[in-house]
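Quick notes on the structure that follows.
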2 protein chains.
Amino acid sequence: MFVGVYSGSTRCKGDRLGADRERQMATIKDVAAKVGVSVATVSNALNDKPNVGSTVRRKVLRAATELGYRPHRAAQAMRKGRTRAIGLVLPDLTNPFFPQLAQTVENKARKLGLLVCLIDSQDSAEGEADGLTLLAQHGVDGIIWCPVGPRIPQPIHTLGRPVVLVDRPRPGFAVVHSNNLMGGRLLAEYALRQGHRRVGLLSGPRSVASAQQRRNGFLTAHPQRLEIAWEVRVGFDGLLSPEARAVLLERRGATLIVAGNDLIAINALRLLTQQNVRVPDDVSIVGFDDISWARIVSPRLTTIAQPLAAIGTRAVQLLQERMSGTAIASRATVFDVTLVERESVKSI
Amino acid sequence: MFVGVYSGSTRCKGDRLGADRERQMATIKDVAAKVGVSVATVSNALNDKPNVGSTVRRKVLRAATELGYRPHRAAQAMRKGRTRAIGLVLPDLTNPFFPQLAQTVENKARKLGLLVCLIDSQDSAEGEADGLTLLAQHGVDGIIWCPVGPRIPQPIHTLGRPVVLVDRPRPGFAVVHSNNLMGGRLLAEYALRQGHRRVGLLSGPRSVASAQQRRNGFLTAHPQRLEIAWEVRVGFDGLLSPEARAVLLERRGATLIVAGNDLIAINALRLLTQQNVRVPDDVSIVGFDDISWARIVSPRLTTIAQPLAAIGTRAVQLLQERMSGTAIASRATVFDVTLVERESVKSI
DNA sequence: CACGGCAAGAAAAACGTTTAACTGGGCACC
DNA sequence: GGTGCCCAGTTAAACGTTTTTCTTGCCGTG
C-alpha cells in the first residue's frame, strides 16, 4: 500500500518544543509562593480542610485559578494511593454492542472526574490478562469489565481494587446486566401472539450464561404451546457453522427463527436472502440486543432491546460506590428489557 | 424502568477487603531487601544501567520476577515526567468508523506498553475540551486526536505534549489520514466506467476538509464528462435535511448518487427504499469509508475503503516517535484508498 | 609505595502532593 | 494569673521511583 508522506517542515505545533517549555504546569509551590503561605496551607485550602482562615482560603483559591493550577495527578496518586482513573475492559469494540457501552461509561465517568483507560482484548484471554496487568500497574482505582472467558485471570486477584462486571456475571463478582430470561419470555409470548407454533433456535454458546438464559426463558415460557423444530449452537460473533447453515436453509417446518443475538440473526438473514428465501414472508426472524445494525438491515430486525445506556451508567455508579467504600448497596443489578417490533416477523 | 437488585451478601470478591490487603503490590524496596542490596542498585539493574555487576544484576532480576515486582507507574511518572499513557480523543464511538480505529490504536499502544485513555466527546466541543483537560491533568505523554471542530481548544496549547491528528488535518499539526482526493477520483472513474453521466451529490459539510476533498476529487477528475444534476450538503452523521430528502426523491435525472460518506449513503438508501425506489435498478448509490454497515445493508454498498488499521497503527507509531523525541520523520501521512465494488451501482 | 582512576555499589536528593505532628498566640475558665 | 484549648498556620515526613553524588576498595602505574 502506497503511503504518501508530506515532509516539508517536520516540526509541528503539537510537538514538545523548547519554546513550549516556558509554559510549565503550575505547581502547588507556585501558588504558595504567590500567596506567601506554606504549601500545606494551600493544599488544605484547596481540599476544604478546616484549619485555614477564610481570607487566606479566598486568596489561595484566587491565586490557584489565576495560575491555572491543577494538581499533578501522578503526585496525588503517589500520596493518596488513588489514581482517579478506572479501567474499561471489553472483548471487542467492533461488536456494535460495546461502543455504545463505552461511550456512556466514559461520559458518566468523566462527569465524576474519572479518566477511563480502555482495553480491547480482541476476544483473547491473553490480551485480556495483559490489559489487566497494565491497568494494575497504572494503579487504576477500579475496573469495569466484560470478561471474555470463564476463567478469572490472575491480575484480577492481585489487583486489590473493586471490579464491576457488565453483561456477563461471574460467581462472587458484582455485576450489572439485563434480564435475559425475561427477554426470552417476551419473545416466546410475542411468537405466540403472531401465531407461530414451530420455531428453530440458533442459540448462543452453552458456555455464555446470558445465551443460556435467553434460551431458557424462551423455552420455559410456554413449553406446551411452542414446538422446537431444531436447535443449533453458534458463537455470539454470528458466524454460522456449516451445520447451522444447512439446518437454516432446510428449515424443517419452522416458521420463526429465534437467534441468540442480533449478529446471529443478521447473518442468518443474509444467508436466507442470498438463497432467495424471503424474510419475513417465507420465514420470520427475531434477534436479541438491538444493536445499531438491527435498524439498518432489511427487513429491519425485530429484537429485544437492552438499556445499554442504563447499564453503563449503573456500572459506573456501582463502581464509584465501591471505590469510595461508602454504601455498598447491591451486588447485582438487573435491568428489564423491551421488545422492539420491526419488520422481520410476519403474523400468520 | 424496573431495576432488579439481588442483594444477599453485598460483599464481593472484587471489593477491597482487609484480607485482600495482605497481597500488596511489591515495591522496589522489597526487591532490594530480598537481594540485600540498595534500592538504587535495584533500579539501576532493572533499567540496564552500566554500574552494576553481573551477578548482582542476575540476582535482582530473579528476585524481581519472583516477587512479581512491577514499577509503580505513578511513582515513575512523578520522577520521570512521563506517564506511559496516551490519550485517544474521538468525536463519537457510535459512528462505526471510530471503534475500529480505537481497537487498533489500543492494541498497538499496548504492545508498546502504553495505556490508552479514552475520551468520547459526543461531537461536542465542550466535551472535547473537558476531556483534553482531564488528559492534561493526568499528564498523558501524547494524544491521538480526531478534532470535532475547526477551533483548537485551549488545553491543547498548554499541554506541552505531542499530538497526532487522525482523519482531520489542522494547520500546524501532524496528521495521518487517507487520500480523500484520490477516493473522489476513483469514484468518478468508476462512475464513468459504469456508464453514468448525470450524478447527484450528497456532499458532506463544507467545513470538514475531508468532505471537501472527496467532492473536489470527484468533480475535477473528469469535469467535461460528468454532469452534476444537483448538490446538497448534509452532515457526516447522515441525517438528511428536508431539502436533501426532496431533491433525493425527485432525482432530476441523476442515475447515480454520490454520498459524502457511508452513513449518508445508507440513510439515502433507506429513504429511497421506503419510497419504493429500487436501488440499484432505478438509481445507483456510492458511499465512502466502508464502515461495517456498508456490508450489511441491502443492496450492499459500493464504497471507498479507508485502511483504518493502517491509519491507527501509523498514528501510534508517529506519536511514539514524537514522544521519544527521536527521528521526527514526517508531518503528514496519507494512505491510498481502494474502491470496494458491491451491489449498489448498476452499469447502464 | 603513593596516587589516580575505575568499578560497584550506597546514600541522598528530588519529583508534587497530602497529612501527621508541631508551634505560637489569643482567649476562656477556674 | 496560670492552665489548657483552640485556631491558623508551619514544618517535616511520606508515597515509590530515578538520578546525582558520594564512598569504598581494588588495580595499575610511575
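Just so you know, these numbers use all the heavy atoms, side chains as well, and skip hydrogens, waters and symmetry mates. Naming: A, B, ... by sequence-line order, numbering from 1 per chain.
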Which pair of heavy atoms, one from A:P155 and one from A:A129, lies closest together, and at what distance?
-> CG-O, 3.7 Å
Just how far, in rounded Å, is C1' of C:dT19 from CG of A:D48?
-> 16 Å
Under 3.5 Å donor-acceptor, A:R110 side chain and B:G127 backbone | yes
Checking A:N107 side chain against A:T104 main chain: does a donor-acceptor pair fall under 3.5 Å?
-> no
Please indicate whether A:R70 has more than 12 foreign heavy atoms, meaning atoms of other residues, nucleotides or ligands, lying under 6.0 Å from its CZ.
-> no
Polar side-chain atom of A:N95 near backbone of A:F97 as donor-acceptor pair, under 3.5 Å | yes
With distance as the sole test, does A:S43 use its side chain to make a donor-acceptor pair with the main-chain N or O of A:V39 at under 3.5 Å?
-> no
Bend angle of the helix from C:dC1-D:dG30 to C:dC30-D:dG1 from five-pair axes at both ends, rounded to 10°?
-> 60°
If a protein heavy atom is under 4.0 Å from the base, mark B; if only from the sugar-phosphate, S; if neither, -; do that for nucleotides 15-20 of chain D going 5' to 3'.
-> BBBBB-
Is the number of heavy atoms from other residues, nucleotides or ligands under 6.0 Å of B:K34 NZ greater than 12?
-> yes
Taking salt bridge (charged side-chain N to carboxylate O under 4.0 Å, His left out) as the test, write out the residues that go with B:R62, two or more places apart.
-> B:E66
